[in-house]
Each structure stands twice: as structure tokens, then as C-alpha cells.
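Data block below; observations after.
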Number of protein chains: 2
Amino acid sequence: MADDLFKALADPTRRTILDELAERSGQTLFEICGRLAVKHRLTISRQAVSQHLAVLEAAGLVRSRREGRYKFHDLDTAPLRHIAARWPLPDEPETTP
Amino acid sequence: MADDLFKALADPTRRTILDELAERSGQTLFEICGRLAVKHRLTISRQAVSQHLAVLEAAGLVRSRREGRYKFHDLDTAPLRHIAARWPLPDEPETTP
DNA sequence: AAGATAGGCAAGTGCCGACTTGCCTGTCAA
DNA sequence: TTGACAGGCAAGTCGGCACTTGCCTATCTT
């Protein structure tokens, strides 16, 4: 469970996918592929992105809903709380004035 | 930089090391080896733990100080803030009543 | 109906990371 | 000074993971 979460976050491409889903919710596989190619110069196959999404979904970071032939993907950052909760954080949040 | 952080957290053994350093600060390499073996049944070589500590140190999660022939390791959870800061967290902290 | 579109499944490849083994350096005690 | 103790360096093995390729299914359009 926690293992899946950290493993999902380990890959930079997957983190970029999370970034894109944070910026625009409910994207399809092809939309994400297009964004990765144009905005991040990531020439990657559709299947590769699909496999990344499967990993992210297994970690609970992405939820998907099917509508007709489309499959929309949504970001869920709730599992990220487990990370900060595991180890004690220092008091000062490093405020930049 | 962020790459090193996520990669360091990807390995379960390294996360266990962070757990041990959170519980007891300033441990030496041999102390950590002993704790992993006894408390977590992790039969791992000393060099493996040393390499893990190097990865954690590169990620900024562990700081080390040398004193004579001993080298003490301390946990630094400050880099973990970057994770929660990267993606927007939902408002509700999921309070379990 | 047929073609286009959105996505899935499965096998294969190549590389990186975790781990071991062997040996070497530096520090302290007897 | 010799040996024990704490740690470091370097090469080698091995498994898992990211990615591709090829083919298949389902849905919508004309």
C-alpha cells in the first residue's frame, strides 16, 4: 500500500502526469500524451503513458471514470498525506518573506 | 534534486532506515545494521546499508557528522515539504471520528 | 456496413538499481 | 606496534522496471 505510493512517485514521467492532472482535471489518455509531448518534450508511446496511469491508479493517486469510449482521469492527492504523516516534520514551515 | 528525493524514498529499506533514525537520532552505521536485523528481520550486508545511507544523504534526508572513527547519522525531514507543496492537497485532513 | 477513434493486452528488450564480495584506509586500545 | 573496530571503495551479479512493438476490442460517425 505505502509501497505502491512511493514507487508510483519515483518516476519523473509519472510525477509530470500528476502535474498535468493537477492543472487540468479529467483528461483522457490521448490528451495526456499530447500534453507530455508538447509541453514537456516527452516523446513517449501511448502504451507507456497508459502503463504509468495504471501504476498511479494502483497507488490511489489517480481515479478514472469511463464514459462511452472515453476514459477520464482525475488526480487524488489524498494518499500524499501518508508521506508527511510518517515522519515528524520540523515546526518551522520555512516561511519566505 | 526532486529526483533524488523521490528516488531515495522509493526503496522500502531506506524508508525503514528513516523510521529508525526518527526513533533514535545520531546512530552509527553498525547500529542501524543491528536495528534492521533485529527489529525488522532485515538480513542485509553492512555495505548495502552504507549505500542506502549515501542515497539518503544525497537526497538531503540524512545528515552525517564524523567523530573519530565513528560517523553519526541524523534525520532531516525538511525536504519532505517539497512533496506536499508540489500538488494541491484537499482541504479536509480526513478526520477519523 | 465500414472506417476512424479511444483504449487494452501481452510478449520482448534494455537499462538501472539493490545487493554481494573482496580488499583497503583510518582510529582507538592493550 | 599489533590487533580489533568503524567505515570506504570498486567491480560484478541479478532482478525489476520503463518502454516498445504488434495485435485486439469497443465505441462513435458517415
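Protein chains get the first letters and strands the later ones, always in sequence-line order, with residue 1 at the start of each.
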Below 4.0 angstrom from OP1 or OP2 of [N], is there any side-chain N or O of [X]?
X     : N      : result
A/H52 : D/dC19 : yes
B/K71 : C/dG26 : no
A/T28 : C/dA6  : no

Shortest non-hydrogen contact from [X] toward [Y]:
X     : Y     : result
A/A59 : A/L5  : CB-CA, 3.8 Å
B/S64 : B/E57 : OG-OE2, 2.5 Å
B/T77 : A/P88 : OG1-O, 2.8 Å

Worksheet item: Under a 4.5 Å side-chain heavy-atom rule over Ile, Leu, Val, Met, Phe, Trp and Tyr, are B/V49 and B/Y70 clustered together?
Response: no
Practice prompt. Find out if a path of hydrophobic residues (ILVMFWY) with successive side-chain heavy-atom gaps under 4.5 Å connects B/F72 to B/I17.
Written response: no
[X] [atom1] to [N] [atom2]: how many Å, rounded?
X     : N      : atom1 : atom2 : answer
A/F72 : C/dA6  : CZ    : P     : 11 Å
A/D11 : D/dG16 : CG    : C1'   : 13 Å
A/L56 : D/dA18 : CG    : P     : 10 Å
A/F30 : C/dA6  : CZ    : P     : 6 Å
B/D4  : C/dC16 : CG    : C1'   : 14 Å
A/I44 : D/dC19 : CD1   : P     : 4 Å
B/L42 : C/dT20 : CG    : C1'   : 16 Å
B/F6  : D/dA18 : CZ    : P     : 15 Å

Worksheet entry | B/S/- contact track for nucleotides 21-29 of chain D, protein heavy atom under 4.0 Å | BB----BS-
Fill in: Flag, side chain of B/R15 to backbone of B/L9, donor-acceptor distance under 3.5 Å
yes
Practice prompt. Step by step, work out the side chain to side chain donor-acceptor pair (under 3.5 Å) result for B/H40 and B/E20.
Written response: CA-CA 10 Å; B/H40 302 274; B/E20 288 308 309; 2.8 Å; yes
